[in-house]
Amino acid sequence: CFRALCCKGPPPPRPEYDLVCIGLSGSGKTSLLSQLCSESPENIVSTTGFSIKAVPFQNAILNVKELGGADNIRKYWSRYYQGSQGVIFVLDSASSEDDLETARNELHSALQHPQLCTLPFLILANHQDKPAARSVQEV
């Protein structure tokens, strides 16, 4: 009985899942991941290229590869899809009609990509706190 109490080994490892997080610049990808990692929202800088964050949960760890959303970077997104087990697509629900159309096209492209088309997608309509935010039906 004493041995069982004092000789416990390390906790079992939590499963890890690799996700890719995409969306246009300014959609809130970096802010979302910082919030999930309990980091300070101050001094958030737009991602140039990509970054990787480990988001710990009680029963799992999500390794999220955030890809920059600038026009000149989006054409390289597909190079980072390999090995992904899920997709987070962040959308600025308060963006202009042109940006919303661009986001729609990028989402459709990702949904049809051979490495992503069978994966679960989370589509997050961010910036719902802004006055110009669209409803779920409008998005």
Side-chain angles (χ1 to χ4, degrees):
C1 182
F2 176 75
R3 184 177 181 151
L5 288 175
C6 71
C7 299
K8 289 183 180 178
R14 294 181 278 182
E16 295 189 24
Y17 301 97
D18 296 325
L19 306 177
V20 65
C21 182
I22 56 178
L24 302 186
S25 284
S27 61
K29 300 178 298 293
T30 305
S31 298
L32 168 69
L33 294 176
S34 294
Q35 183 77 22
L36 289 174
C37 291
S38 301
E39 296 175 353
S40 171
E42 298 173 14
N43 303 324
I44 291 179
V45 179
S46 215
T47 301
T48 304
F50 74 96
S51 71
I52 299 174
K53 288 198 183 264
V55 183
F57 289 97
Q58 184 175 0
N59 296 323
I61 297 173
L62 303 180
N63 296 311
V64 183
K65 197 180 323 175
E66 176 199 353
L67 306 181
D71 213 13
N72 60 342
I73 295 175
R74 290 195 303 264
K75 60 186 170 188
Y76 299 109
W77 280 358
S78 62
R79 296 180 185 206
Y80 297 91
Y81 291 165
Q82 188 171 0
S84 295
Q85 296 170 288
V87 181
I88 302 169
F89 188 91
V90 182
L91 169 72
D92 179 358
S93 64
S95 65
S96 69
E97 284 297 326
D98 288 344
D99 284 346
L100 194 60
E101 183 63 30
T102 302
R104 183 180 294 117
N105 292 336
E106 293 295 345
L107 175 59
H108 284 284
S109 177
L111 286 165
Q112 295 172 3
H113 193 278
Q115 290 177 315
L116 302 182
C117 64
T118 61
L119 300 180
F121 268 73
L122 167 65
I123 301 171
L124 179 71
N126 202 12
H127 299 145
Q128 288 292 306
D129 56 330
K130 292 185 177 179
R134 293 170 181 79
S135 68
V136 173
Q137 293 79 16
E138 292 173 306
V139 170

Under 4.5 Å between side-chain heavy atoms, counting indirect links through other Ile/Leu/Val/Met/Phe/Trp/Tyr residues: same cluster for [X] and [Y] or not?
| X | Y | result |
| --- | --- | --- |
| Leu32 | Leu19 | yes |
| Ile52 | Ile61 | no |
| Val90 | Leu107 | no |
| Trp77 | Tyr80 | yes |
| Leu33 | Phe57 | yes |

State whether the number of non-hydrogen atoms from other residues, nucleotides or ligands found under 6.0 Å of [X] atom [atom1] is greater than 12.
| X | atom1 | value |
| --- | --- | --- |
| Phe121 | CZ | yes |
| Gln35 | CD | no |
| Asp71 | CG | no |
| Gln82 | CD | no |

(message) Using only atom types and a distance under 3.5 Å, with no angle test, would you say the side chain of Arg14 pairs donor to acceptor with the backbone of Asn59?
(response) no

Nearest 0.5 Å please: distance from the [atom1] atom of [X] over to the [atom2] atom of [Y].
| X | Y | atom1 | atom2 | value |
| --- | --- | --- | --- | --- |
| Ser109 | Arg104 | OG | CZ | 14.5 Å |
| Leu91 | Asp99 | CG | CG | 10.0 Å |
| Lys53 | Lys29 | NZ | NZ | 13.5 Å |
| Leu67 | Tyr81 | CG | OH | 7.0 Å |
| Leu24 | Phe89 | CG | CZ | 6.0 Å |
| Ser27 | Glu106 | OG | CD | 11.5 Å |

Would a 4.5 Å heavy-atom cut-off, applied to side chains only, mark [X] and [Y] as touching?
| X | Y | answer |
| --- | --- | --- |
| Leu62 | Leu36 | no |
| Asp18 | Asn63 | yes |
| Ser95 | His127 | no |

(message) Can you tell me which residue among Ile123, Leu122, Leu116 is in a side chain to side chain contact (heavy atoms under 4.5 Å, CB included) with Val87?
(response) Leu116

(message) If the threshold is 4.0 Å, N to carboxylate O, is there a salt bridge linking Glu97 and Arg134?
(response) yes

(message) Minimum heavy-atom separation for Asn126 and Gly28, please, with both atom names.
(response) ND2-CA, 3.3 Å

(request) Establish, from distance only, whether the side-chain atoms of Thr30 and Glu66 form a donor-acceptor pair under 3.5 Å. (result) yes

